[in-house]
Amino acid sequence: MTEYYIPQEIIRRKRDGLVLAPREIALLVNGLTDGSLADEQVGALAMAIFLNGMSTEETVALTMAMRDSGQILRWSGLDGPVVDKHSTGGIGDKLSLLIAPILAECGAFVPMISGRGLGHTGGTLDKLDSIPGYDTRPSLDRLQRIVREIGCAIVGQTSELAPADRRLYAIRDVTATVESIPLITASILSKKLAEGLDVLVMDVKFGSGAFLPEPDRAEFLAQTIVNVADGAGICCRALLTNMSRCLGRTAGNALEVLEVVSVLRSESRQRDLIDISTELCGEALAAANLASSPEAGKKRALEVLQSGRAAERFGTMVSSLGGPVDFIENAETYLPRAPFQHAVMPDRPGYVAAIDARILGLAVLSLGGGRMASDQAIDPRVGLSAVKAPGEYVDANEPLAIVHASADANAGHAAAQIQAAFEMTEAAPEIEPYIRRKLTPTAMANGPIA
Ligand code: URA
C-alpha cells in the first residue's frame, strides 16, 4: 500500500473513507504532539474519523501512537501486577475510591490516574480535592514511590502522560467530534496504557446519567475498548452498568467522600456501591491472576472491604499524599459542609419508577459542584444526599433527596429541578439490574468502527 507523509494527503485519505497505515497515523500523532499539525488540520482529521470511522487495527495504531507521545511508566521489580479501573463517568460515581484500596489490599499495584468532572458527570479528582492537604498532582516520581510503598494512589492526569490526547481532546471539544467511538477509545486507552498497566477493568455506563445514554452504543464502546486494549497488549475486561440513577445516596464532592468513608467503615451497606465495586474488583483480580475466577475475586474483595482492611489502606493512601493521618476515623470533621440544606419532597407518595439522572448531575453543576468553564473553581460542599433509587417507595413525608447549597435561593432552585427528575408510580416498577453485561475480547468485524 502507498503511504503518504504529507499531512493533508493522509487527512484526504481518511476523508475518502480509506484505511490509514500505522506509520501514517504515527506521523499525524507526532504532528499533534510537536505542534507541526495545525489546529485546523487536527479538526479536519477528527471530523474525517468521526464520519468514516476507523478499523480496529487503525484504532490500535492511534492508541499506541498517542500512548507513545509522552512518558510511559515502568514498574520493574514489583511483586504483583499493575492494575487500574476506569469509568466512563456518571452521577455519584465514587467507585474508584473503594476499588483502589481493595485491589491494593488484594496484592495489586494501582496507579489510578483520574480525571476532573466532565459536563454533568462528576470527577474522582474533584472529590479527592475536598480532603484537606491531599495532593492530587504529585510528580510522577512521587506517584510511583507511593504506589510501590502503599499499593495505590489516586491522582490527577499530568502533562507528561499521553500529551497528544490533551490537544486532540481540546480540539474535539470545539469541533463537535467528541462522540466518536474510535476517538473515545484511543483517548481513554492511551492514557491508561501510559500507566504501564498489566490489567484494566472498565465500567462503561449507559442510561440517563451516562455520557452515552443508549445501551447499544455504550456496549459498542465497551466492546471496542476491550478489543483495542487486547490489540495493544493489555488484558481488559468491561462491565456495562446502568446509570439511570444516582450511584449510592450522594452526588457532590465532599458528600461523596463521606459516603465512601461510611462504606469503608462498614457503617453503610449501600448495595449498589458494594455490588458494582466488588464485581469490578473480581474481574480485575481474576484477569490479573490474583484470584481463580471473577466470583472468587469478588468474594475476596468483599472480605477485604468488610474486614476494615480497605479502610486502613485508604487512610494510608490519604496520609501519604498529604491528607490527615486520622482521616478515616474523623472524616466528618475534615470535610467541608454546605450551610443550607433543603429537602426535596415528592409531589405525591409512590414508587420511584425512573430518574432522569442527567438532571441530578446538572443540578449539582448549577449548585457549583462542577465546572461550566474549564478554569472555574468548584464548591466541594454542595450536592445531594439521601437520594432515592428506582424501585424504592417514598411516602409523602419523606424526601426524594436533600440539597446541600451555599445559599438558600440556590437550594430552592435545585430542589425544583430535582423533583422534576423523579417519575413516580403507584405500582412497584420492574427494576433493571445494576450490571447488564460483562465483555471480554471478541473478533471484531473488519469494517470501520464509527
Ligand atoms: N473520556 C476521555 O478520557 N476521553 C474521551 O474522549 C471521552 C471520555
Side-chain angles (χ1 to χ4, degrees), residues 25 28-29 32-33 42-43 45-51 53-54 58-60 62-67 69-70 84-91 93 95-96 111-127 136 154-195 197 200-207 209-214 217-226 228-229 232 234 236 238 240-241 243 358 361 365 370-371 374 449-450:
I25 292 172
L28 292 175
V29 173
L32 244 178
T33 314
V42 179
L45 175 69
M47 187 57 84
I49 295 173
F50 180 91
L51 294 173
M54 279 187 136
E58 284 177 296
T59 313
V60 171
L62 180 63
T63 304
M64 304 285 262
M66 283 177 28
R67 175 201 67 179
S69 66
D84 196 5
K85 167 259 176 187
H86 183 77
S87 157
T88 53
I91 315 304
D93 185 359
L95 299 177
S96 291
M112 192 177 269
I113 299 184
S114 302
R116 302 217 167 269
L118 201 61
H120 65 282
T121 63
T124 299
L125 220 56
D126 295 329
K127 303 183 209 308
T136 49
I154 313 176
V155 300
Q157 269 149 29
T158 77
S159 53
E160 292 112 305
L161 299 186
D165 176 63
R166 187 178 288 251
R167 180 156 178 238
L168 180 54
Y169 193 90
I171 294 176
R172 284 166 60 207
D173 205 19
V174 293
T175 54
T177 51
V178 168
E179 304 92 335
S180 152
I181 300 271
L183 290 177
I184 296 169
T185 301
S187 169
I188 291 174
L189 284 181
S190 59
K191 289 174 286 200
K192 291 288 136 188
L193 288 170
E195 292 175 6
L197 299 183
L200 173 66
V201 66
M202 285 290 311
D203 180 5
V204 180
K205 298 188 177 297
F206 67 92
F211 156 66
L212 291 179
E214 308 85 19
R217 195 90 182 125
E219 181 167 344
F220 189 50
L221 174 65
Q223 190 64 67
T224 305
I225 290 175
V226 168
V228 170
I234 63 166
C236 179
L240 188 66
T241 65
M243 193 63 257
R358 187 165 191 275
L365 189 70
R371 291 180 192 80
S374 59
I449 305 163

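Both ligands and their constituent atoms are indexed starting at 1 by order of listing.
Between the side chains of Asp93 and Ser87, a donor-acceptor pair is found at a separation under 3.5 Å.
Within ligand 1, counting atoms from 1 as listed, the ones closer than 4.0 Å to a heavy atom of Phe211 are 7 (C). Residue contact check: Tyr169 has heavy atoms under 4.0 Å from atoms 4 (N), 5 (C), 6 (O), 7 (C) of ligand 1. Taking every heavy atom of Ile184 and a limit of under 4.0 angstrom, the matching atoms of ligand 1 come to 6 (O), 7 (C).
Side-chain atoms of Leu62 and Met66, non-hydrogen and from C-beta on, do get closer than 4.5 Å to each other.
The line from CD of Gln157 to CD1 of Ile113 is 8.0 Å long, rounded to the nearest 0.5 Å.
The only option from Leu189, Thr88, Leu221 that meets the side-chain contact (heavy atoms from CB on, under 4.5 Å) definition with Ile184 turns out to be Leu221.
Checking only distances, Lys191 does come within under 3.5 Å of ligand 1, N or O to N or O. For ligand 1, the polar-atom distance check against Ser187 finds a nitrogen or oxygen pair separated by under 3.5 Å.
The shortest non-hydrogen separation linking Ala162 to Lys191 is CB-CG, 4.0 Å.
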